[in-house]
A.B. asks: 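First the structure, which I've put down as structure tokens, then a few questions once you've had a look.
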There are 2 protein chains.
Amino acid sequence: MTGTVIRLLLADDHPVVRAGLRAVLESEPDFEIVAEAATAERAVELAAELAVDVVLMDLQFGPGAAMNGAQATAAITARGAGAPRVLVVTTYDTDADTLPALEAGATGYLLKDAPPEELARAVRSAAAGRPALAPTVADRLLERMRTPAAALSARETEVLGLVADGLTNQAIGGRLHLSLATVKSHLVHIYTKLGVESRTAAVREARARGLIRRGG
Amino acid sequence: MTGTVIRLLLADDHPVVRAGLRAVLESEPDFEIVAEAATAERAVELAAELAVDVVLMDLQFGPGAAMNGAQATAAITARGAGAPRVLVVTTYDTDADTLPALEAGATGYLLKDAPPEELARAVRSAAAGRPALAPTVADRLLERMRTPAAALSARETEVLGLVADGLTNQAIGGRLHLSLATVKSHLVHIYTKLGVESRTAAVREARARGLIRRGG
DNA sequence: GCGGAGTTCAACCTTTCGATTGATGCCGGT
DNA sequence: ACCGGCATCAATCGAAAGGTTGAACTCCGC
């Protein structure tokens, strides 16, 4: 956005990854790495204080991090015009990660196994405001458009999360202040939407589609 | 092992991580990075061809990798005396990963979020043949010694794996050529060992303890 | 050789789950 | 104002899962 030099901020809790991104990116003459952040909070601070064009953001901060990459992305892009573009660079690409990140305002989404050239290309795209998506992510977005999108409602996701935690229907009802009948009703809808016919299969399917978090 | 300079091989499928490890380690005057491998197979080849003291090995190669880091570790250390030491440097630290890696002959086990100094220290330890474990890994090993080790038998693990895939007891019996009674019997033992009382809770608990694979 | 752990199976019973049907109230879009 | 989706609950019924008891057989270590 500055015209000649693209100013970068690296946000990742792994020192090794930061060093790797720095090594890969600082060989590009039109890139300038202005700062590194080891936490999501620090990334938000630095993005506000410094003149930054693109933030390379990891999604997974932790364990024990107060803020994750998606939240940081939302905080940074909330400023609207003039805010840095956020390019998410993460290890995994589940639906449960990518969609919230893109909704939070990320301009691009790459995987860490991307080759250096692709990284540099994505940074330039992001700086120009053009989306930069990894092929697998783009594929999934297109497929999401095609398919009727068997997305679960918020309540259904909540119920399914407790099912994944090993709770019985009755225990789920107690936890969410619902009757047993309601829990079963939600489950029937979940099964229909996911095309399965048992709670364990539903958990597996939801995990595969990235509808529920891995670490419970 | 060469006395003055420690010769390193970097084995990781992420170019960014390789660059990061190189950037962090090559600033140490007594380290020399002799090669990089993007696949586990290539790492085994290079470890055999070149004079290498320590291999920095990632456990997760993939998706679609024919060999994982634990297998490569076993292949490298199988040579016995004169074989390079393998220092596992990975992202996550579940029991299902660490224990096989250590059994395969890894001299050390670090997480990628380790600070550079700790990495360098671990490399020197590994080169000298001294174990180099991340604190969390060491803790878990000690706890493993203390606790009576509620390890599941091979058959039980097999059954639980199919439960995690969402199969019913009858389907599991069909798959493993067992009667329904036998499957239930195994499950009762599993529940007792894991201290749970339902199949979903058992799956969750086993996942948390790293007893079964994530991507099922 | 004996005991223990693992694996295999059977019969019985209780609880839970899943499927079905049906109903109510709320909210948002047409 | 009406319709559809969401959330809430009820009742019923068959299937599946879980608990209990009991019993073989094999393999391994003491």
Side-chain angles (χ1 to χ4, degrees), chain A residues 96 99-100 103 144-145 147-209 211-212, chain B residues 99 103 144-145 147-207 209 211-212 216:
Chain A
L99 294 178
E103 284 169 6
R144 178 66 39 129
M145 296 299 163
T147 60
L152 301 180
S153 72
R155 200 56 161 172
E156 286 163 353
T157 304
E158 203 174 3
V159 169
L160 186 52
L162 294 179
V163 170
D165 283 350
L167 275 68
T168 67
N169 290 349
Q170 204 141 32
I172 294 170
R175 185 79 72 87
L176 299 181
H177 308 294
L178 297 179
S179 85
L180 179 60
T182 306
V183 176
K184 286 175 149 191
S185 184
H186 285 309
L187 281 178
V188 168
H189 297 150
I190 293 171
Y191 297 159
T192 304
K193 288 182 177 177
L194 297 184
V196 299
E197 41 193 26
S198 82
R199 57 208 294 105
T200 18
V203 169
R204 169 170 172 72
E205 185 63 25
R207 230 181 271 273
R209 297 199 199 180
L211 299 176
I212 58 177
Chain B
L99 294 178
E103 284 168 7
R144 177 69 36 131
M145 297 299 162
T147 60
L152 301 179
S153 71
R155 199 56 160 169
E156 286 162 354
T157 304
E158 204 174 3
V159 169
L160 186 53
L162 293 178
V163 170
D165 283 351
L167 276 68
T168 68
N169 290 348
Q170 205 141 31
I172 294 171
R175 185 79 70 88
L176 299 181
H177 307 295
L178 298 178
S179 85
L180 178 59
T182 307
V183 176
K184 288 170 130 190
S185 183
H186 284 309
L187 281 178
V188 168
H189 296 152
I190 292 170
Y191 297 159
T192 304
K193 288 183 177 176
L194 296 184
V196 298
E197 38 191 31
S198 81
R199 59 210 288 104
T200 22
V203 169
R204 167 169 173 71
E205 185 64 25
R207 230 181 271 272
R209 297 199 198 181
L211 299 176
I212 57 177

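Per chain, numbering begins at 1; letters A, B, ... match sequence-line order.
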A.B. asks: Taking the side chain as everything from C-beta on, heavy atoms only, tell me whether B:T182 gets closer than 4.5 Å to B:L176.
C.D. replies: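 No, their side chains stay 4.5 Å or more apart.
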A.B. asks: What integer distance in Å separates A:I190:CD1 from D:dC6:P?
C.D. replies: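 Rounding to the nearest Å, CD1 of A:I190 and P of D:dC6 are 12 Å apart.
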A.B. asks: What integer distance in Å separates B:E197:CD from D:dT20:P?
C.D. replies: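 The answer, rounded to whole Å, is 10 Å.
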A.B. asks: Measure the shortest side-chain to side-chain distance between B:T200 and B:R204 over non-hydrogen atoms and say whether it is less than 4.5 angstrom.
C.D. replies: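 Of all side-chain heavy-atom pairs linking B:R204 with B:T200, none is under 4.5 Å.
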A.B. asks: Within the 4.5 Å heavy-atom criterion, are A:L162 and A:V183 side-chain neighbours or not?
C.D. replies: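 No - every pair of side-chain heavy atoms lies 4.5 Å or more apart.
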A.B. asks: Between residues 168-185 of chain B and DNA chain C, which residues have a heavy-atom gap below 4.0 Å?
C.D. replies: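 Under 4.0 Å from DNA chain C: B:L178, B:S179, B:A181, B:T182, B:S185.
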A.B. asks: NA contact type, A:H189, heavy-atom cut-off 4.0 Å: base, sugar-phosphate, or nothing?
C.D. replies: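 It contacts nothing in the nucleic acid.
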A.B. asks: For C:dG18, does either OP1 or OP2 sit under 4.0 Å from a side-chain N or O belonging to A:Y191?
C.D. replies: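 Yes, within the criterion.
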A.B. asks: A side-chain contact here means heavy atoms from C-beta on lying under 4.5 Å apart; do A:H186 and A:I172 qualify?
C.D. replies: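 Contact flag for A:H186/A:I172 side chains = no.
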A.B. asks: Heavy atoms, side chains only, cut-off 4.5 Å: are B:K184 and B:L180 in contact?
C.D. replies: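 Yes, close enough: below the 4.5 Å cut-off.
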A.B. asks: Take the protein atom NE2 of A:H186 and the nucleotide atom P of D:dA10, then report the distance between them rounded to whole Å.
C.D. replies: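 Going from NE2 in A:H186 over to P in D:dA10 covers 13 Å.
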A.B. asks: Find out whether A:H189 and A:R155 are in side-chain contact, i.e. whether some heavy atom of one side chain is under 4.5 Å from a heavy atom of the other.
C.D. replies: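 They are not in side-chain contact.
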A.B. asks: Verify the contact: side-chain N or O of B:S198 to OP1 or OP2 of D:dG18, cut-off strictly under 4.0 Å; return yes or no.
C.D. replies: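 Answer is no, no contact under 4.0 Å.
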A.B. asks: In whole angstrom, give the distance that lies between atom CG of A:L187 and atom P of D:dA15.
C.D. replies: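 Going from CG in A:L187 over to P in D:dA15 covers 20 Å.
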A.B. asks: So does A:R199 get a side-chain nitrogen or oxygen closer than 4.0 Å to the phosphate oxygens (OP1/OP2) of D:dA16?
C.D. replies: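 No, A:R199 has no side-chain N/O under 4.0 Å of OP1/OP2 on D:dA16.
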